[in-house]
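The structure under discussion appears below in the form of structure tokens.
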Number of protein chains: 2
Amino acid sequence: MKLSTKGRYGLKAMFDLSLHNGDGPISLKSIAERQKISDHYLEQLIASLRKAGLVKSVRGAQGGYMLADAPSKITVGDIIRILEGPLGLSDCVLEGDPADCDNANYCVTRVVWKKIQTSISEVVDSITLQDMLDDYEKIGNNKENMYYI
Amino acid sequence: MKLSTKGRYGLKAMFDLSLHNGDGPISLKSIAERQKISDHYLEQLIASLRKAGLVKSVRGAQGGYMLADAPSKITVGDIIRILEGPLGLSDCVLEGDPADCDNANYCVTRVVWKKIQTSISEVVDSITLQDMLDDYEKIGNNKENMYYI
DNA sequence: TCGAATTCCAATCATTTTACTTGGAATTAA
DNA sequence: TTAATTCCAAGTAAAATGATTGGAATTCGA
């Protein structure tokens, strides 16, 4: 029941962008280096985030990526859903387009998956990148003296 | 972020055993038929559950499996942890034996995974097989007229 | 104007995991 | 004694994962 690297790397990358929010475009290469991720792999992840409208890109030299919105407007749920697909531990409770099941109305295991899914959604939708920035400072980091992520 | 069939089939099988609790040993074949699971595959899952002490077995003809404890004593969390391994969306927050990470103390993405994990644990540890039996009746099923699971 | 830095795009690939299947030995009720 | 069952160990095809490879398009700065 683990998240793939997509979700994990993706959140790290988005948090990295949050830390540099307002500094102009941040190159993918620098993110990949700080986060110790293969840059070509991260490229694929950030392409999804861009197509979904969570980040903006600037092409060419000195180009890079920026958050498309304020850190307070982007939730962990937004990011995970783009990279991992709709939440739900079972196809029959997938957000948006749950798989058909003959006896969904009478299925009690489905009730369980639904409860778990609701709980996960509530958590991820309640955490914004701004919350993470706040936590980051509480933990004892700061922008000038980054322990990194 | 989906559960594998292990967890999903396993919970169905355990709920099936709950429905037949007190009826003596239930053959794996009959469980597999009702739940539409490959019986040889289910055998592997139930072997794990048996080794973990969640079910008891009776060998030989008319043998089968039974819950090792009352439905009110077995939680969804017990079952999922056996079949899917320790809970945790990232290795660095795995229950029991989290993977080492240099900067775990300063890692704010880790804080996020931890919150999600705590939330999932609370849900799965709060639901017993007895709760599922109760839900099952509320939904409109009963033992004599089973719509099945 | 040119070249370096960058994003963008498409394909390929090795490894691991998943979801089984196969085959048979051991046990026991009838 | 035989049929029904649990128990055990391997093998396997398909999918997913986590990349790598190669190169085209764009743009800043010298």
Side-chain angles (χ1 to χ4, degrees), chain A residues 1-13 16-17 20 23-68 80 83-86 89-91, chain B residues 1-13 16-17 20 23-68 80 83-86 89-91:
Chain A
M1 203 222 290
K2 242 173 283 162
L3 227 50
S4 72
T5 51
K6 289 180 191 171
R8 290 188 282 119
Y9 292 176
L11 184 60
K12 276 175 186 277
D16 191 292
L17 287 179
H20 298 95
D23 298 354
I26 307 297
S27 79
L28 186 135
K29 201 180 164 194
S30 72
I31 302 175
E33 270 169 13
R34 281 189 296 266
Q35 305 306 329
K36 300 189 182 84
I37 301 172
S38 146
D39 55 354
H40 266 294
Y41 185 48
L42 181 56
E43 197 180 299
Q44 294 170 36
L45 308 185
I46 212 159
S48 304
L49 295 168
R50 181 177 52 80
K51 282 166 193 161
L54 296 186
V55 302
K56 286 183 298 190
S57 64
V58 176
R59 299 190 69 173
Q62 323 311 319
Y65 296 90
M66 293 167 289
L67 294 183
I80 292 185
L83 295 170
E84 300 275 341
L89 292 190
S90 175
D91 283 336
Chain B
M1 203 222 288
K2 243 174 281 160
L3 227 52
S4 72
T5 53
K6 288 182 191 170
R8 290 188 282 121
Y9 292 177
L11 183 61
K12 275 174 186 276
D16 192 292
L17 286 178
H20 297 95
D23 298 353
I26 307 297
S27 79
L28 185 135
K29 201 181 164 194
S30 72
I31 302 174
E33 271 169 13
R34 281 190 295 267
Q35 305 306 327
K36 301 189 182 81
I37 301 172
S38 146
D39 53 353
H40 264 295
Y41 185 48
L42 181 55
E43 197 180 299
Q44 295 170 34
L45 308 186
I46 211 159
S48 304
L49 295 168
R50 181 177 53 79
K51 282 167 193 159
L54 296 186
V55 302
K56 286 181 298 190
S57 65
V58 176
R59 301 190 67 171
Q62 321 312 319
Y65 295 90
M66 294 167 289
L67 293 183
I80 291 185
L83 295 170
E84 301 274 343
L89 292 191
S90 175
D91 282 338

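Letters A, B, ... are given to chains in the order of the sequence lines, protein chains preceding strands, and every chain is numbered from 1. Scope of the values below: all heavy atoms of this structure, side chains included, with no hydrogens, waters or symmetry mates.
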Could you tell me the separation between the [atom1] atom of [X] and the [atom2] atom of [N], rounded to a whole number of Å?
X	N	atom1	atom2	answer
L83(A)	dA19(D)	CG	P	14 Å
L28(A)	dT27(D)	CG	P	18 Å
L42(A)	dC8(C)	CG	P	12 Å
I37(A)	dT17(D)	CD1	C1'	15 Å
D39(B)	dT21(C)	CG	P	8 Å
Y41(A)	dC9(C)	OH	P	19 Å
I26(A)	dT7(C)	CD1	C1'	15 Å
L45(B)	dC8(D)	CG	P	15 Å

[N] OP1/OP2 closer than 4.0 Å to side-chain N/O of [X]:
X	N	result
R50(A)	dC8(C)	yes
T5(B)	dA19(C)	yes
Y9(A)	dA19(D)	yes
S4(A)	dA16(D)	no
S27(B)	dA4(D)	no

Next on the checklist: Across nucleotides 22-30 of chain C, 5' to 3', mark each nucleotide with B, S or - according to how protein heavy atoms within less than 4.0 Å reach it.
Outcome noted: BB--BBBS-
Checklist entry - Checking all strands, does I46(A) fall into the base, sugar-phosphate, or nothing category for heavy-atom contacts under 4.0 angstrom? => result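 If one applies the 4.0 Å heavy-atom cut-off, I46(A) turns out to touch nothing in the nucleic acid.
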Item to check | Closest to the S38(A) side chain, choosing from dT6(C), dT6(D), dT20(D) | outcome: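 Nearest listed nucleotide: dT20(D).
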Checklist entry - What's the closest nucleotide to the Y65(B) side chain, out of dT6(D), dT21(C), dT20(D)? => result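 Looking only at heavy atoms from C-beta outward on Y65(B), the closest nucleotide is dT6(D).
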Distances under 3.5 Å between nitrogen or oxygen atoms of protein and nucleotides 12-17 of chain C:
none

Item to check | Side chain to side chain, L49(A) and L83(A), heavy atoms closer than 4.5 Å | outcome: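 Contact flag for L49(A)/L83(A) side chains = yes.
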Next on the checklist: E84(A) vs L89(B), test: side chain to side chain contact (heavy atoms under 4.5 Å, CB included). Steps then yes/no.
Outcome noted: CA-CA 12 Å; E84(A) 300 275 341; L89(B) 292 191; over 6 Å; no
